[in-house]
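Computed from a prediction, not measured in an experiment: that's the story for all the values here.
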Amino acid sequence: MIEDQTQTVPRDAGGVHASVMDCIQVNLGVLADRFHGTDTHLRLGAPLRFDVRPLDSSPGALPTVEPELDERLAAAARLLGLATSERGAGDLTGGPLYAVADAFALPWGPYFERQHMEHSFLVLDEEDPDRATVVDAYHNDTEWGPARPGWHSYPRDELDAHLAGAGLRLFDVEPCTPGVPPAPETNREHLTAAETHAARDRYVEAYREHPDPKVSVERLTLETWLLARDRALHAAWQCADPQAKAADRARDHAQAWAGFAEQVYVGLRRVRRDRPAPDLYGPLADLLAEDAELAERSAA
């Protein structure tokens, strides 16, 4: 059993709004605030994004709004002023390092030996060369228990053993000059290019028409969780930026997404019991249309 000396830290570890970021963003946010000052991480919420890609390469694959890791790193450079360079996966020295690995192998989280998914964390050196500190600011309530921001001190060799075969990617991170958050006009152009009416319709119909309702609602549960967090982060950015134009509307919209994400989770529980889910796809289409309206209001 790996030795774990754990201390919990406040929910907003490192000053970040952990409960409105996903598990890949949040630890980049910690580094951004460390290098560039409090609330730099909120710049990740400036674009109101809806970029869709196929979930995998199989025919008829469901679409997803979940960015790939390289997209997250590009956003960190553009919005947070963080320069990342990948190093060999076997060298955990010389932190702080930004790391991404399979959450199934990470013993401090609720996904340990339960769920395969990419998850980020930071690795820091300790005075003792035989130990390493893991910092993970992720905040979420999962079906296996809560994930909360914290730091964990491990013997280095035992941590290495857990990470072996976990698809570990390690990055050195340095500050560069922070970029200016995208102006509302940039947000509008981004949405106009990526979130046309036809694109929204295709996204909704792919889930509505999928032949296996369990597969569709299972994936939609994650999709709406991601979209709800992204809209909550956008609202947090709007509320913190004195030049933002739609803070109240963004806050209300984020709350609507959060409520819908809960509805989808209830629907998932129903289809897992072979019961029909309520209509999830009409409300999904409505909320996606309201995204574009919010972007227009921000740019007005």
Side-chain angles (χ1 to χ4, degrees), residues 1-42 44-45 69 72 76 80 82 84 89 92-164 166-173 222 225-226 228-229 232-233 236:
M1 177 71 69
I2 191 168
E3 179 185 350
D4 183 351
Q5 298 178 355
T6 302
Q7 294 187 13
T8 58
V9 297
R11 178 177 66 84
D12 289 339
V16 301
H17 294 71
S19 60
V20 297
M21 289 191 284
D22 65 38
C23 64
I24 301 298
Q25 290 175 317
V26 67
N27 293 303
L28 289 167
V30 171
L31 291 175
D33 281 19
R34 172 177 175 172
F35 289 135
H36 297 307
T38 301
D39 283 351
T40 301
H41 67 280
L42 290 178
L44 289 172
L69 177 58
R72 288 297 197 206
L80 300 181
L82 297 181
T84 57
L92 293 174
T93 62
L97 301 177
Y98 177 75
V100 176
D102 187 350
F104 191 87
L106 306 181
W108 60 86
Y111 304 113
F112 180 54
E113 297 183 341
R114 294 187 177 102
Q115 176 88 14
H116 292 283
M117 59 183 292
E118 282 190 332
H119 189 88
S120 78
F121 54 98
L122 306 177
V123 181
L124 311 179
D125 279 334
E126 297 189 14
E127 292 183 5
D128 183 344
D130 294 327
R131 302 192 69 85
T133 295
V134 167
V135 175
D136 187 353
Y138 186 51
H139 183 285
N140 190 28
D141 293 316
T142 81
E143 60 184 289
W144 303 287
R148 292 293 181 267
W151 66 262
H152 319 270
S153 178
Y154 295 128
R156 197 175 289 272
D157 58 349
E158 294 186 16
L159 181 60
D160 286 343
H162 269 272
L163 296 177
L168 177 66
R169 294 181 68 182
L170 290 173
F171 300 86
D172 291 291
V173 183
L222 177 57
W225 182 89
L226 288 166
R229 288 224 163 183
L233 183 56

State whether the side chain of Asn140 and the backbone N or O of Thr142 hold a donor-acceptor pair below 3.5 Å, judged by distance alone. no
Closest non-hydrogen atom pair between Val100 and Ser120, with its separation: CG2-CB, 4.1 Å
Single hit among Asp125, Thr93, Asp130, Asp128 for side chain to side chain donor-acceptor pair (under 3.5 Å) with Arg156: Asp125
Hey, are the side chains of Thr133 and Val123 touching, using non-hydrogen atoms and a 4.5 Å cut-off? no
Taking the side chain as every heavy atom from C-beta outward, state whether Arg72 and Ile24 have any pair of such atoms under 4.5 Å apart. yes
Aromatic ring proximity, centroids under 6.0 angstrom, Phe121 and Trp108: yes
Set out, in order, the CA-CA distance, both residues' side-chain angles and the distance that settles side-chain hydrogen bond (donor to acceptor under 3.5 Å, both in side chains) for Thr38 and Asp33, then state yes or no. CA-CA 5 Å; Thr38 301; Asp33 281 19; 5.5 Å; no
Less than 6.0 angstrom separating the ring centers of His162 and Phe112, yes or no? yes
Return the CE to NE2 distance between Met21 and His41, rounded to the nearest 0.5 Å. 4.5 Å
With a 4.5 Å limit on heavy-atom distance, are the side chains of Leu69 and Glu118 in contact? yes
Kindly compute the distance separating CG (Asn27) from OH (Tyr98), expressed to the nearest 0.5 Å. 6.5 Å
Going from OG1 on Thr40 to CG on Leu80, what distance comes out if it is rounded to the nearest 0.5 angstrom? 7.5 Å
Residues at least two apart in sequence or cross-chain that pass side chain to side chain donor-acceptor pair (under 3.5 Å) with Asp141, listed by chain then number, are Arg148
Rounded to the nearest 0.5 Å, what separates atom CG in Leu122 from atom CZ in Phe171? 12.5 Å
Measuring from Leu44:CG to Asp22:CG, what's the distance to the nearest 0.5 Å? 9.0 Å
Can you name the nearest heavy-atom pair linking Val16 to Ala137, along with the distance? CG2-CB, 4.5 Å
Closest contact, heavy atoms only, Val20 versus Ala232: CG1-CB, 3.5 Å
Separation between CG of Asp160 and CG of Leu92, rounded to the nearest 0.5 Å: 5.0 Å
If you define the side chain from C-beta out and look only at heavy atoms, does anything of Phe104 sit under 4.5 Å from Arg114? no
Give the C-alpha distance, both sets of side-chain angles, the deciding distance and a yes or no for side-chain hydrogen bond (donor to acceptor under 3.5 Å, both in side chains) between His119 and Asp136. CA-CA 9 Å; His119 189 88; Asp136 187 353; 2.6 Å; yes
Could you go through the side-chain contact (heavy atoms from CB on, under 4.5 Å) check for Trp144 and Gln115 one step at a time? CA-CA 10 Å; Trp144 303 287; Gln115 176 88 14; 3.1 Å; yes
